[in-house]
Amino acid sequence: MAQKPFHDLSFDDFDEVDNPRPEFSEFDDVVERAISRRGFLSGIVTVGAATFLTGTALGTGTVQAANRFGFDPVKANSLDDITVPQGFNWHVAMKWGDELFSDSIALDEESRGDASSQEKAFGDNNDGMSLFSKDGRNIFVVNNEYVNRSIIFGNRETGLPETDDDVRKGMMGHGVTVAEIAQTNGKWRIVRGSEFNRRITPATRVEISGPAAGHDLMKTSADATGTVALGTWNNCGNGETPWGTYLACEENFNGYFSASNDGFEQTADQKRYGLKNKDWGYAWAQVDDRFDLSKEPNEPHRAGYVVEIDPFDPGSVPKKRTALGRFKHENAEVVLASNGQVIVYMGDDERGEFIYRFVSKGKFSVAGDNADLLDEGTLYAAKFNDDQTGEWLPLTPETTGMGSLAEICIRTRVAGSAVGATTMDRPEWVASNPNKAEVYCALTNNKNRGIKANAGGDATPASGPNPRPANKYGQIVRWVPKDGDHASDFFTWDLFVLAGNPAVHGSTDPNAGSRNVTTANMFNSPDGISFDDNGFLWIQTDGKYSNEGAFEGQGNNQMLVGDTETGQIERFLVGPKECEVTGCTWSADRRTMFVGIQHPGEKGDSSWPDGGKSIPKSAVIAIQRDDGGLMG
């Protein structure tokens, strides 16, 4: 079979082209362990794994308890529209191309704009988001993860950038959008020309802070100090700090680098991070040598971090907090330990990579200076034991055998492998319950589970929180820190849900899902997760929307809500065709929920949200109750 062009591959498949993972030789043993009573039916799913394979209905007091969510669930569908329950309404609050500044130019659908117009407009493919409110002003911050090449370059026959300005236009569609929003007649809109509005793009000056700042691996011909980078891109999930700043998380940074020297051979570290001699069709090296591996081999070391942004100071310089490690960050969930230390939970979204935790050295103070709390502390990787216990393994020069803390912060994946952390099924968003000390992580899927090692050669047996080989549906793992203290090095864990398809798979097949998954609420590939003030867990999906085969009956990607006390899960929203549902935040009065709709029509079959012959556009929608009640 002919290899697909790089620009037609998903981010995850791109990483495996020309760098296949080694296969296990004992696959049958792995499968047997995964579905055995000892390996799978040992009670790992809180809502009743011991009876999962029998299909027994959950009893009173579990997921059959009365619906506490306050809405009638919606059915799965494949419409090119937003579906929400009766009694709710939605509108587009902002979308790709919306003008930010007084001199911004409206998006021209024929030309798709140029670099100058895109730099002054809402970026493409919005993802993680937060709303900050102060003195009656509402500042919305949202990641613009990447651009839909076939759409933004849809004026070109190739669907790819063909001129230098095309390349720069694509670059300007990436990064972060900061915009003041206001509500008029019940509708939220961007306040055009607000002094708070700004775009942070791959060309924006960004400071490098923390242990890796100034290290030799961070130095380039343009920055001999190794302390100043240009820009941020492919920001996926996000986080918020107790001191009111936004955390943008760099994920698939590798797909933007290429090598003009065809004979360039990647190092072992570059291969571990998925760097290739070909990029993913963006052609950034065409206009900027820093994206040419054969010219600037250190430049990739300056990407893959958490970037801290002050939403209320448009003149502030974002900072890459290297102490939080370098990997494909999904989001950054910030909580406070019992003693005031800042804890940041993070997932590395790649098959067989790890879950991390950062514990600050300093402590948060309401009246103190917290500006650099994320620059000094200890990074850990998680080990999940099969007996439902776990521990955080510190990543230090002593435990990893690596030369310095700076090196650990740059080569974090290698450090995680060195201490024997548990390989996971693509750790996506992490969310902490606001009402108790427990943490959840969406493990979206992993076709290589039990079949291939990860990029570092670490085994990926089907066991523990990753119990199914060739996992196509995903699951959500939950852990509780010892004594309710997030700074503790020990925890216990279980699974909140195993996604699946009980309409396709028999009741004795693990792929049917856990007992809180039914034909009425089934889904695949949990991705974004967020808690509301009530302690309900909102689950967003980024999976297969073919509605065929193993995914028959699941329809478009969706948003569900889970009751973590009972295990009940209900479907709240279905997105338009070919989209991902991602990113969630609330207004200060909790009467509006903002939800992200990313890459509708990524394969050409959508005109959402404008309809007709319009090109599809990623957007943030605002959802409200018809009666004006609280949204969470």
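Heavy-atom basis, side chains included; hydrogens, waters and symmetry copies ignored. If you're wondering where the values come from, they're calculated on a predicted model, not measured in any experiment.
Proximity of a side-chain donor or acceptor of Arg357 to a complementary backbone N or O of Met346 within less than 3.5 Å is not detected. His301 places a side-chain N or O within 3.5 Å of a backbone atom of Leu217 that can act as its donor or acceptor partner. Glu391 contributes no side-chain N or O that, together with a main-chain N or O of Lys383, makes up a donor-acceptor pair within less than 3.5 Å. With Asn385 contributing its side chain and Asp387 its backbone, the two residues share no donor-acceptor pair below 3.5 Å. Using a distance-only test at 3.5 Å, with no hydrogens or angles considered, no donor-acceptor pair links the side chain of Ser294 to the main chain of Phe264. Between the side chain of Tyr273 and the backbone N or O of Arg326, at least one donor-acceptor pair lies under 3.5 Å. At least one donor-acceptor pair closer than 3.5 Å links the side chain of Asn471 to the backbone N or O of Gly474. For the pair Asn501 (side chain) and Ala550 (backbone), a donor-acceptor distance under 3.5 Å is present. Put simply, the side chain of Gln475 never gets that close to the backbone of Val497: no donor and acceptor are under 3.5 Å apart. Put simply, the side chain of Ser258 never gets that close to the backbone of Asp279: no donor and acceptor are under 3.5 Å apart.
Applying the ring pair (Phe, Tyr, Trp, His ring centres under 6.0 Å) test between Phe291 and each of Trp280, Tyr282, Phe253, Phe257 identifies Phe257 as the sole match. Each of Asn445, Thr444, Asp527 was compared with Arg426 under the side-chain hydrogen bond (donor to acceptor under 3.5 Å, both in side chains) criterion, and only Asn445 meets it. Residue His486 is tested with Val359, Val439, Leu336 for a side chain to side chain contact (heavy atoms under 4.5 Å, CB included); the sole match is Val439. Only one option out of Leu373, Val342, Thr245 pairs with Val334 in a side chain to side chain contact (heavy atoms under 4.5 Å, CB included); it is Val342. Partner Lys328 forms a salt bridge (charged side-chain N to carboxylate O under 4.0 Å, His left out) with one of Glu350, Glu428, Glu251 and no other, that one being Glu350.
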| task | Evaluate the criterion side-chain hydrogen bond (donor to acceptor under 3.5 Å, both in side chains) for residue pair Ser618 and Asn125; output intermediate values, then yes/no. | result | CA-CA 5 Å; Ser618 295; Asn125 282 339; 2.8 Å; yes

| query | Can you list the steps and then say if Met171 with Thr201 is a side-chain contact (heavy atoms from CB on, under 4.5 Å)? | reply | CA-CA 7 Å; Met171 294 177 76; Thr201 72; over 6 Å; no

| request: Determine, step by step, whether Leu247 and Thr241 satisfy the side-chain contact (heavy atoms from CB on, under 4.5 Å) criterion, reporting the C-alpha distance in whole Å, the side-chain angles of both residues, the deciding distance to 0.1 Å, and the verdict. | output: CA-CA 8 Å; Leu247 302 178; Thr241 67; 4.0 Å; yes

| task | Take Glu376 and Lys361 through the test salt bridge (Lys or Arg N to Asp or Glu O under 4.0 Å) and record every step on the way to the result. | result | CA-CA 6 Å; Glu376 193 173 2; Lys361 179 179 180 181; 3.4 Å; yes

| query | What do the steps show when you test Thr582 against Asp542 for side-chain hydrogen bond (donor to acceptor under 3.5 Å, both in side chains), and what is the final call? | reply | CA-CA 8 Å; Thr582 181; Asp542 177 23; over 6 Å; no

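Using the six-membered ring where Trp is involved, Trp392 and Tyr345 have ring planes that are tilted, between 30° and 60° apart.
Closest non-hydrogen pair, Pro481 versus Phe491, comes out as CA-CB, 4.0 Å. Annotation for Ser530 and Cys584: closest pair OG-CB, 4.0 Å, computed over non-hydrogen atoms. Between Leu405 and Pro397, the closest heavy-atom pair is N-CG, 4.0 Å. Shown here for Ala487 and Gln341, the closest heavy-atom pair between the two residues is CB-OE1, 3.9 Å. Across all their heavy atoms, Ile355 and Cys441 have their closest contact at CD1-SG, 3.8 Å. Nearest heavy atom pair, residue Met218 against residue Ala212, reads CG-O, 3.2 Å.
In this structure, Asp124 and Asn144 have side chains that are not in contact, with every pair of non-hydrogen atoms separated by 4.5 Å or more. Within the 4.5 Å cutoff, the side chain of Phe531 has heavy atoms near those of the Thr564 side chain. In this structure, Tyr146 and His174 have side chains that are in contact, with non-hydrogen atoms separated by less than 4.5 Å. Annotation: side chain of Thr423 is in contact with side chain of Phe354 (closest heavy-atom distance under 4.5 Å). Side-chain atoms of Tyr305 and Val206, non-hydrogen and from C-beta on, never get closer than 4.5 Å to each other. A heavy-atom distance below 4.5 Å is found between the side chains of Gln598 and Asp127. Residues Pro297 and Gln270 meet the side-chain proximity criterion, which asks for heavy atoms closer than 4.5 Å. Inter-residue side-chain proximity for Asn557 and Gln540 is flagged as unmet; no heavy-atom pair is nearer than 4.5 Å.
Thr541 and Gln558 are not linked by any side-chain donor-acceptor pair at a separation below 3.5 angstrom, with hydrogens and angles left out of the test. Side-chain N/O atoms of Tyr246 and Asn143 include a donor and acceptor closer than 3.5 Å. Counted by atom type alone, Thr460 and Asn448 present zero donor-acceptor pairs between their side chains at under 3.5 Å. For the residue pair Asn277/Asp262, the side-chain donor-acceptor check at 3.5 Å is not satisfied. Side chains of Asn298 and Thr220: a donor-acceptor N/O pair is absent below 3.5 angstrom, by distance only.
Between Asp425 and Arg468, no side-chain nitrogen of the basic residue sits less than 4.0 Å from a carboxylate oxygen of the acidic one, so the salt-bridge criterion is not met. Under 4.0 Å is where a charged nitrogen must lie from a carboxylate oxygen, and between Asp223 and Arg302 at least one such pair does. A salt bridge between Asp269 and Arg272 is absent, with no side-chain N of the basic residue lying under 4.0 Å from a carboxylate O of the acidic one.
Judged by a 6.0 Å distance limit and a 45° cone about the ring axis, Lys320 is positioned over the six-membered ring of Trp233.
One finds the CD atom of Glu602 at 9.0 Å from the SG atom of Cys579 (value rounded to the nearest 0.5 Å). Atoms CG and CD1, from Leu379 and Ile408 in turn, are 8.5 Å apart once rounded to the nearest 0.5 Å. Within the model, atoms NZ of Lys219 and CD of Glu299 stand 15.0 Å from one another, a figure rounded to the nearest 0.5 Å. Considering CG of Asp494 and CZ of Arg478, their distance stands at 4.5 Å, rounded to 0.5 Å. Separation of atoms NZ (Lys319) and CD1 (Ile208) is listed at 12.5 Å; rounding is to 0.5 Å. Rounded to the nearest 0.5 Å, atoms CG (Asn235) and CD1 (Ile309) are 7.0 Å apart.
By the neighbour-count criterion of 12 heavy atoms within 6.0 Å, atom NZ of Lys482 is sparsely surrounded, having that number or fewer from other residues, nucleotides or ligands.
Taking the ring centroids of Tyr473 and Phe523, they lie at or beyond the 6.0 Å cut-off.
Considering only residues two or more places apart in sequence or on other chains, Arg290 meets the side chain to side chain donor-acceptor pair (under 3.5 Å) condition with Asp288.
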